[in-house]
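No experiment lies behind these values; they were computed from the predicted model shown.
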Protein chains: 2
Amino acid sequence: MNTSQLCPKFEKAMSILSQRWTGLVIYQLLSGPQRFCTIESSIGISGRLLSDRLKHLENEGVVKREVFPETPIRIEYSLTEKGKDLRPLMKELEKWSQNWIDSEDTLED
Amino acid sequence: MNTSQLCPKFEKAMSILSQRWTGLVIYQLLSGPQRFCTIESSIGISGRLLSDRLKHLENEGVVKREVFPETPIRIEYSLTEKGKDLRPLMKELEKWSQNWIDSEDTLED
DNA sequence: GTAACTTAATTACTTTTCGTAAGTAAGTGT
DNA sequence: ACACTTACTTACGAAAAGTAATTAAGTTAC
């Protein structure tokens with residue numbers, strides 16, 4: 001049972017951002033529209049989960065999928081206005097990580 | 001294999017925030033030091049996971065656990081400076097959620 | 001003094017999600 | 001024809017989450 005007393009909009013926003021990989025996918029797309037395999041290799045997510053996350057973000061209206069029927073065909077993912085508006089938040093997280101995360105203390109590769 | 005090209009500090013910061021419940025726990029503690037059961041009921045997390053998350057956040061230096069040997073004994077959780085410095089980020093998420101999350105589109109209770 | 005209650009957990013068990021690897025469909029390059 | 005690339009999907013074992021019951025230490029109620 002969820003007996004939360006928090007703002008539902010805030011909770012919803014947090015639920016999007018707190019799903020594994022989702023934040024990194026958005027962050028990566030802030031540098032511009034990109035193809036599936038580019039995102040995949042830049043953040044180290046598996047195809048299975050990237051496919052899932054992009055679909056989820058598309059449903060939330062954060063990410064846009066565009067098919068360019070060139071030859072070879074090209075499929076690009078980009079941020080919608082809603083997605084782009086997360087830039088200030090990402091900037092804050094960048095600042096925080098620079099101020100507080102010790103380089104000894106990062107994730108193992 | 002993680003072949004990420006992102007800043008390791010940013011990745012680490014994101015990995016903290018993108019764990020389920022962790023963001024809400026921090027957000028809740030921004031309103032001041034609180035006891036276990038207060039956090040539990042305010043964000044709707046189970047004791048099992050709250051215990052886990054608080055321990056994790058204590059290890060990361062974001063949360064501080066203090067035992068007050070009064071009668072009755074009181075255990076309070078609060079944010080460290082590192083934790084308090086996440087306030088601007090939370091403010092950005094609040095703003096974003098107000099601007100972009102439709103009230104029809106919130107989580108079910 | 002013992003039975004019921006509270007807090008801060010922990011343990012046991014089930015369900016959901018993740019991660020790895022392999023497979024697929026459509027097309028390209030040689 | 002054959003290998004290669006892209007954008008996925010499927011299968012399956014492993015890890016994490018969710019639910020509920022239990023515990024330990026102390027409090028209050030009678």
Side-chain angles (χ1 to χ4, degrees), chain A residues 1-4 6 11-12 14-26 28-29 32-60 63-78 107-109, chain B residues 1-4 6 11-12 14-26 28-29 32-60 63-78 107-109:
Chain A
M1 179 174 39
N2 186 352
T3 51
S4 171
L6 299 167
E11 260 192 296
K12 168 75 182 186
M14 188 64 92
S15 80
I16 296 172
L17 269 301
S18 72
Q19 193 176 27
R20 208 166 194 174
W21 298 110
T22 298
L24 288 181
V25 170
I26 295 168
Q28 181 62 26
L29 286 175
Q34 292 166 62
R35 315 180 63 161
F36 191 93
C37 63
T38 309
I39 306 171
E40 192 175 8
S41 59
S42 61
I43 68 178
I45 190 179
S46 73
R48 165 161 158 353
L49 287 182
L50 181 55
S51 177
D52 185 90
R53 291 307 183 269
L54 287 170
K55 235 171 264 172
H56 188 225
L57 286 170
E58 219 188 324
N59 283 338
E60 296 292 352
V63 161
K64 188 172 52 195
R65 180 185 193 266
E66 278 179 295
V67 180
F68 297 89
E70 310 162 349
T71 174
I73 196 172
R74 185 163 50 99
I75 299 173
E76 270 191 359
Y77 296 90
S78 56
L107 304 165
E108 305 304 314
D109 276 53
Chain B
M1 179 173 40
N2 186 352
T3 51
S4 169
L6 299 166
E11 260 192 295
K12 167 74 181 187
M14 188 65 91
S15 81
I16 296 172
L17 270 299
S18 72
Q19 193 177 29
R20 209 166 192 171
W21 297 111
T22 298
L24 288 181
V25 170
I26 295 169
Q28 181 62 26
L29 286 175
Q34 292 165 62
R35 314 181 62 162
F36 191 93
C37 63
T38 309
I39 306 171
E40 191 175 7
S41 60
S42 60
I43 67 178
I45 190 179
S46 73
R48 156 142 162 17
L49 288 182
L50 180 55
S51 177
D52 184 89
R53 291 305 183 270
L54 287 170
K55 235 171 264 173
H56 187 226
L57 285 171
E58 218 187 326
N59 284 338
E60 296 292 351
V63 161
K64 188 171 53 196
R65 179 185 194 267
E66 278 179 296
V67 181
F68 297 89
E70 308 163 352
T71 175
I73 195 173
R74 184 163 51 97
I75 299 174
E76 270 190 1
Y77 295 90
S78 56
L107 303 165
E108 304 305 313
D109 277 53

(message) Looking at B/R35, is its backbone amide N or carbonyl O close enough to the side chain of B/R74 to form a donor-acceptor pair, meaning the two atoms are under 3.5 Å apart?
(response)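 Not at all, since once roles are kept as given, no pair shorter than 3.5 Å links the two residues.
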How many Å lie between [atom1] on [X] and [atom2] on [N], as a whole number?
{"X": "A/H56", "N": "D/dT9", "atom1": "NE2", "atom2": "P", "answer": "15 Å"}
{"X": "A/D52", "N": "C/dC18", "atom1": "CG", "atom2": "C1'", "answer": "10 Å"}
{"X": "A/E40", "N": "C/dG19", "atom1": "CD", "atom2": "P", "answer": "13 Å"}
{"X": "A/R53", "N": "D/dC8", "atom1": "CZ", "atom2": "C1'", "answer": "16 Å"}
{"X": "A/I39", "N": "D/dA7", "atom1": "CD1", "atom2": "P", "answer": "9 Å"}
{"X": "B/R48", "N": "C/dT15", "atom1": "CZ", "atom2": "C1'", "answer": "12 Å"}
{"X": "A/K55", "N": "D/dA7", "atom1": "NZ", "atom2": "P", "answer": "14 Å"}
{"X": "B/L49", "N": "D/dA15", "atom1": "CG", "atom2": "P", "answer": "18 Å"}

Side chains of [X] and [Y], heavy atoms from C-beta outward: is any pair under 4.5 Å?
{"X": "A/R53", "Y": "A/V63", "value": "no"}
{"X": "A/W21", "Y": "B/S18", "value": "no"}
{"X": "A/S15", "Y": "A/E11", "value": "no"}
{"X": "A/L24", "Y": "A/I39", "value": "no"}
{"X": "A/L17", "Y": "B/L17", "value": "no"}
{"X": "B/F36", "Y": "B/L54", "value": "yes"}

Counting side-chain heavy atoms from CB outward, which of [options] is closest to [X]?
{"X": "B/C37", "options": "C/dT10, D/dA17, C/dA8", "answer": "C/dA8"}
{"X": "B/R65", "options": "C/dT20, D/dA17, C/dA8", "answer": "C/dA8"}
{"X": "A/Q19", "options": "C/dC18, D/dC8, D/dT6", "answer": "C/dC18"}

(request) Over all heavy atoms of both residues, which pair between A/S46 and A/E40 is shortest? Give the atoms and the distance, please. (result)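 Heavy atoms only, the tightest pair is C-OE2, 4.1 Å.
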(request) Check B/L29 against B/Q34 and note the closest heavy-atom contact, atom names and distance. (result)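 Reported closest heavy-atom pair: CA-NE2, 3.8 Å.
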(message) Both A/I45 and B/F36 contact DNA chain C. Taking the nearest nucleotide for each, which residue is further toward the 5' end?
(response)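 Counting from the 5' end, the first nearest nucleotide belongs to B/F36.
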(request) Check every strand shown and say whether A/R74 touches a base, only sugar-phosphate, or nothing at a heavy-atom separation below 4.0 Å. (result) nothing
For [N], take OP1 and OP2 only and decide whether either is under 4.0 Å from a side-chain N or O of [X].
{"X": "A/R20", "N": "C/dG19", "result": "yes"}
{"X": "A/W21", "N": "C/dC18", "result": "no"}
{"X": "B/R35", "N": "C/dT6", "result": "no"}
{"X": "B/S46", "N": "D/dG18", "result": "no"}

Anything under 3.5 Å between a protein N or O and an N or O of nucleotides 3-5 of chain D, put it in a table, one pair a line.
none

(message) Return the NZ to CG distance between B/K55 and B/N59, rounded to the nearest 0.5 Å.
(response) 9.5 Å
(request) Summarise protein proximity over nucleotides 25-30 of chain C in one line of letters, 5' to 3': B for base, S for sugar-phosphate only, - for none, counting protein heavy atoms closer than 4.0 Å. (result) ---S--
